Each structure stands twice: as structure tokens, then as C-alpha cells.
S.K.: 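Have a look at this one before I ask anything.
Sequence lines set the chain letters: A, B, ... in the order given, protein chains first and strands last, and positions in each chain run from 1. These figures come from a predicted structure and were not determined experimentally.
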Amino acid sequence: MGLISEEDRKYLKEEFKNNLKREVKLLYFQQEESASEYSEQTKELLEELASLSNNLSLELESCDNAEKMKSEELTLCPSIKVKSERKGFVNFYGVPAGHEFISLVEAIKDMGSDNLSLPDEVIKDLKEIKERIDIKVFITHGCPYCPGAVRNAHQFSLANEKIKGSMVDANYFGELSMKHRVSSVPHIIINDRNGFMGNLPPSLFLDKVKEALK
Amino acid sequence: MDFSIQKKEKDSGRKHFAAAIIGSGPAGLTAAIYLGRSKVETVVFEKVIPGGYVVNVEKIENYPGFVEGIAGEQLGKLYAKHAEKFGAEIKCEEVTKLELNETPFRILTSLGSYTSDSIILATGTSNRKLGIPGEEEFTHKGISFCATCDAPFFEGENVIVVGAGNSGAQESLYLSRFAKHITIVELLEFPTAEPILIDRLNENERIDLLTSHSVTSFNGDKLLSSVDIKDIKSGEIKNIKVKGAFIYAGEVPNNDLVKDALKLDDKGFIVTDERLRTSIGGVFAAGDVRNTPLRQVATSVGDGAIAGHEAYRFLEERK
Ligand SMILES: Cc1cc2nc3c(=O)[nH]c(=O)nc-3n(C[C@H](O)[C@H](O)[C@H](O)COP(=O)(O)OP(=O)(O)OC[C@H]3O[C@@H](n4cnc5c(N)ncnc54)[C@H](O)[C@@H]3O)c2cc1C
């Protein structure tokens, strides 16, 4: 049996069939030299996912390819960037396992469709943002409050391409978590400086992002 | 690593429902099963993920039928699947406002607005805060309310758990797999957890239980580094060095949506009759959020069944 259960595969096939109106690519930067169980399982997972829809493909890249990492505007590795013709920076640093698996599924569906599940006033506010904003959402796999924050970050990026949204596996990127004093999740870091905590609805999440920019 | 789907949303695009349930814990989802089987168009709103508080609990050992216990996350998923099987629509949206003064009732959420002919409140409880110095400052900076979320940050560290009830005891046992040492601080002279849990605490070398003590302040610089605890009997105050503090000192009802509209008891829990009707016709309350003598999965499931059945009866009588 693969990493995804037969029942979930069936469900995902259907979801992808109904939602992927365009091609979506999973761009996976992996650490080749220190091939750990972590990165091997991630690769296996992405291969299984890619096999579930003709509109979903996997491209493997090495973390050593600094140029490509730079051109994709990625700063940490491993990373899974979900790409399509739709504009937006929808990214995962580390593995979206446990409660985060759903975030990856939603990200794929969003990139393959024109879906934007945000209230109109939030979309309007987001579109007015002129500066570049990098949102990193630190998570753990056992945190049920985290997928909501990851989804906000990703959806914000779809509403305004100046915004980058990334999930960060706080345990895997332990040093970075320590640098930002992450001891509780979800912990959101804006432009690698200020941050805030907690699972918030989109409008409050946006207020906090703006506050953190000051 | 686990890769299984946590929520399977279906979106009918509908904006009006015969029954709206707020909260997808054991109470809300059981009500949805009963309403679904009665062919009532039902929506369930959830602000976190389907399943309710149980998804935070590593293992539930006292829910009948699961002799070896069941992972809370698994149980939550089963409830959601069961409710969806009978037609309930689960929406991951936070309800931000309820307008209960006229029917259909109006429901505003983080993503939109809906109406419904009946409402079941199943919003559960949140952990009670202690209201002591340093608590606000160090919340999420060492102080946590979710062991399954934050335990990995305290690998090899000293932590305290406030409260030796069932929740505090269960979470201490979970934390002992990560932390070097756990001090449970309990205000009362004795722990109130089930005896079977107390035995396990006593057997665990990493856990010490301090009864008749209270935490008086959380201290640190940018992150929590120590707590002051007071011996209730002698009045002596000690400082212990800890990186983490997990608070399980009772619950407060999640009543924000209805606190000015419904009758509440002196602790803020929603008052219902035995048919789980609240002070407004067509509005029911079920599970931990209402005035009930025991807050558990089994009792919440029982409440959900009654509330679902009663909401159906209410809708039928109005026809
Ligand atoms: C640490 C711990 C361990 C426990 N262990 C056990 C155990 O072993 N056995 C046992 O039987 N019980 C246990 N319990 C108790 C059990 O979890 C609860 O009794 C049960 O979950 C209550 O169910 P409920 O449906 O009433 O509420 P909840 O499970 O709390 O569900 C309420 C839901 O409503 C949602 N919600 C709240 N407000 C809104 C809003 N405005 N909009 C949308 N959604 C909203 C919440 O996000 C939540 O998902 C434990 C509790 C704790 C804290």
C-alpha cells in the first residue's frame, strides 16, 4: 500500500477531476546528499499525488541548484512549490504531513482553478497592497489550528501576487524556529521579522499582517 | 508520517438551511447525523477542523465500543464522515455573528452569510485562563494550551502543567514523551483525575505532582523561563525554572455568539431544558457549551442525538 489510502486516493481523484481546470506542477526541491526518510517519503507522496490526475505533474529539483532556487524565490530546502499559470506564490517548506496534508490538497485545487475563498472586503484590501510581503506560517504536524493559517497565507498570495505564502515545518527547520522564538503554533512571521500567533479568520489575519509590517 | 485527509467539504452553494449547527465536535456532528437521517437540510460550521476538541486528544480510552481506545483525530474524522454520509454539509468557516431576533435566523461567518430555520449551538469550551501576572505576555511564548501542537518544542526541557484533572493528567502523560521533567501544579489537596490516570502519573518517573500549590506568576524575558508557585498551606513561594507551561485549569464556555441573547448560568454555560431547548424557540444547545454535569465525548454525543431529534421535531411542528 502507498502512503495515501485507497479511500483517500479515490476521493482525491474525484476532487482533482472536478477542480483541476489547468495543469498544476509540484516543484519539489530535495536534498539529494542527505536523502533522509523525510525527503524520501515526501517524494513518494508527491509521486502518488501526481499519479491521481493528468493535470498534475511532479518536477524534481536539487537543493544544490542555487540558481533555480533563487529564480523560484525560495530560501529554504526541502520545498514544495505548487505552480500553474495562475499567479501566486504557494509554497511548503518541509513536509505537509499530518494535519497539513489537507493544505497541500487545497493548494493544488486552488492552483488548478480560479477559486478564492476569501470575503470580498478582504480581497479588495489585499489587492490594494503595493509592497512585497513574505508570509511564513510555522506549523507542527499535530496542530489542528495550523491549516487555517497556512490556507490564509496561500489565499492571500492568490489574491495579490506581491504576497508570498509558505508553510514552514517548525520541527524540521528547528534553527529558524529558534531564531524566531517559535514555541507555539501556528506562528506567523512576516518578512522574516515580526510575527503573530494563532488561527484567525481571514480579515483578522490581514489586520495582523498589516500590523506586523509597521 | 501520516497522510490522510482531514476534511471533505462539499459545497452545495446553498445559503439557506433548515438546520444550522455551530461547532463540529462530537455534539454537533452527532446532531448532524440525526438531522441528516430525518432528511433535514443541514449545515455544520467549524472554525478549526471537523471533529472538535477530540482531534487534540491523543487517545480516547473511555468512549464505549473502542476497547483499546481510539486516537482522537481518528474519532473526529469518523464523526465527520458519518455526518456527511447522511447529507450534512460541513463548512470550514467561523461563525462571527448570530441574529436570533427573527426567523429565519441569520448567521454571519468569516466567509459569508446564511439563514436557517433552526440552530444548534455546539461550540464547546476553551481552556480557562488563570488571570495571573505574565500569562498574557507569555501565551504562545512558552505558555500553551495544546500539547499535541506544541509538545515537540519542549523536547528535553522542564515544563509545568497547571491542573491535575483528567485533561491535565492525560496531557502530562503525553508530554512526558518529550519533556525531561513535568511538574503538575494542583490547587486542591488532591488530583481530580480518574484514579486510573493518577496511577499512571505516579508510575511515571518524569512526572511530579504538587498538590495544594498554585501558580502565582509566569516570568521570563522574551520567552517563559520560570514560574512562581505558592504553597497554599505555608504561604511559601518558590521559583521553578521551566521552558513551557500547559494550562488545563478548567473550561470556559464558547458563548460569545449568544451571551447577550440566551439565558446562561452563572458560569456562562447555556441553560437548556431536558430537550436541550434554550430560551429562544428553535435554538438548541448541545455538548460542553451547555450546563451539564459531565463534559465528555459520550455525554456530548448523547446531547447531539437529543438536540438533532428535537430540532427535527421543532421543524416538523412548524410545517
Ligand atoms: C486535554 C483533554 C483531554 C480530553 N480527553 C477526553 C477523553 O479521554 N474522553 C472523553 O470522553 N472526553 C475527553 N475530553 C473532553 C472532550 O474533548 C469534550 O467533552 C468533547 O470534545 C465536547 O464535545 P463538543 O462537541 O461539545 O465540543 P467540542 O469538541 O469542543 O467542539 C466544539 C467545536 O466548535 C467549534 N467552534 C467554536 N466556536 C465556533 C464558531 N464561532 N464558529 C465555528 N465553529 C466554532 C470549535 O472549533 C470546536 O471544533 C478531553 C478534553 C480535553 C481538553
S.K.: Over 60° means perpendicular and under 30° means parallel, so tell me whether B:F66 and B:Y63 are parallel, tilted or perpendicular.
M.R.: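 Rings of B:F66 and B:Y63: parallel, under 30°.
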
S.K.: Check whether B:Y53 gets within reach of chain A through its side chain, its backbone, both or neither, counting any heavy atom under 4.5 Å.
M.R.: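 Just its side chain gets close to chain A.
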
S.K.: Where does A:V95 contact chain B at under 4.5 Å (heavy atoms): side chain, backbone, both or neither?
M.R.: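 Only the side chain of A:V95 comes within 4.5 Å of chain B.
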
S.K.: Are the side chain of A:S157 and the backbone of A:V90 linked by a donor-acceptor contact shorter than 3.5 Å?
M.R.: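 Pair absent, no side-chain N/O of A:S157 close to backbone of A:V90.
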
S.K.: Would the B:F3 and A:F101 ring centres measure less than 6.0 Å apart?
M.R.: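 Here the rings of A:F101 and B:F3 have centres that are less than 6.0 Å from each other.
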
S.K.: Can we call the ring centroids of B:Y114 and B:F45 under 6.0 Å apart?
M.R.: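 Ring centres of B:F45 and B:Y114 closer than 6.0 Å.
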
S.K.: Could you tell me whether B:Y248 and B:F145 have their ring centroids closer than 6.0 angstrom?
M.R.: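 Ring centres of B:F145 and B:Y248 not closer than 6.0 Å.
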
S.K.: With respect to B:V215, which candidate in B:I240, B:D228, B:I247, B:I160 satisfies the side-chain contact (heavy atoms from CB on, under 4.5 Å) definition?
M.R.: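 Single side-chain contact (heavy atoms from CB on, under 4.5 Å) partner of B:V215 among B:I240, B:D228, B:I247, B:I160: B:I160.
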
S.K.: May I ask you to name which of A:V182, A:L118, A:D120 has the most heavy-atom pairs under 4.5 Å with chain B?
M.R.: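 Greatest number of close heavy-atom pairs with chain B: A:V182.
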
S.K.: Heavy-atom distance under 4.5 Å to chain B: side chain of A:L45, backbone, both or neither?
M.R.: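 For A:L45, side-chain heavy atoms alone lie under 4.5 Å from chain B.
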
S.K.: Please classify the contact between A:V105 and chain B as side chain, backbone, both or neither, with a heavy-atom cut-off of under 4.5 Å.
M.R.: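 Just its side chain gets close to chain B.
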
S.K.: Which answer fits A:S117, side chain, backbone, both or neither, if we ask what part of it has an atom under 4.5 Å from a heavy atom of chain B?
M.R.: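 Backbone plus side chain of A:S117, per the 4.5 Å heavy-atom cut-off to chain B.
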
S.K.: Determine the option with the most heavy-atom pairs under 4.5 angstrom with chain B, choosing from A:C146, A:G142, A:P201, A:S183.
M.R.: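 Sorted descending by pairs with chain B, the first entry is A:S183.
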
S.K.: Is it the side chain or the backbone of B:K243 that comes within 4.5 Å of chain A heavy atoms, both, or neither?
M.R.: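 Contact with chain A is absent: no heavy atom of B:K243 under 4.5 Å.
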
S.K.: Can you tell me if the gamma sulfurs of A:C63 and A:C77 sit closer than 2.5 Å?
M.R.: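 A disulfide, yes.
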
S.K.: Measure A:P96 against the heavy atoms of chain B and call it side chain, backbone, both or neither at under 4.5 Å.
M.R.: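 Contact with chain B involves the backbone of A:P96 alone.
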
S.K.: Counting only non-hydrogen atoms closer than 4.5 Å, does A:L104 touch chain B with its backbone (N, CA, C, O), its side chain (CB onward), both, or neither?
M.R.: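 Neither part; nothing is under 4.5 Å.
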
S.K.: Tell me, for B:F154 versus chain A, whether the close heavy atoms (under 4.5 Å) come from the side chain, the backbone, both or neither.
M.R.: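 For B:F154, side-chain heavy atoms alone lie under 4.5 Å from chain A.
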
S.K.: Under 4.5 Å, counting heavy-atom pairs only, tell me which of B:V55, B:L224, B:L223 racks up the most with chain A.
M.R.: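 Top option by heavy-atom pairs under 4.5 Å: B:L223.
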
S.K.: Less than 6.0 Å separating the ring centroids of B:F153 and B:F178?
M.R.: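 Centroid separation for B:F153 and B:F178: 6.0 Å or greater.
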
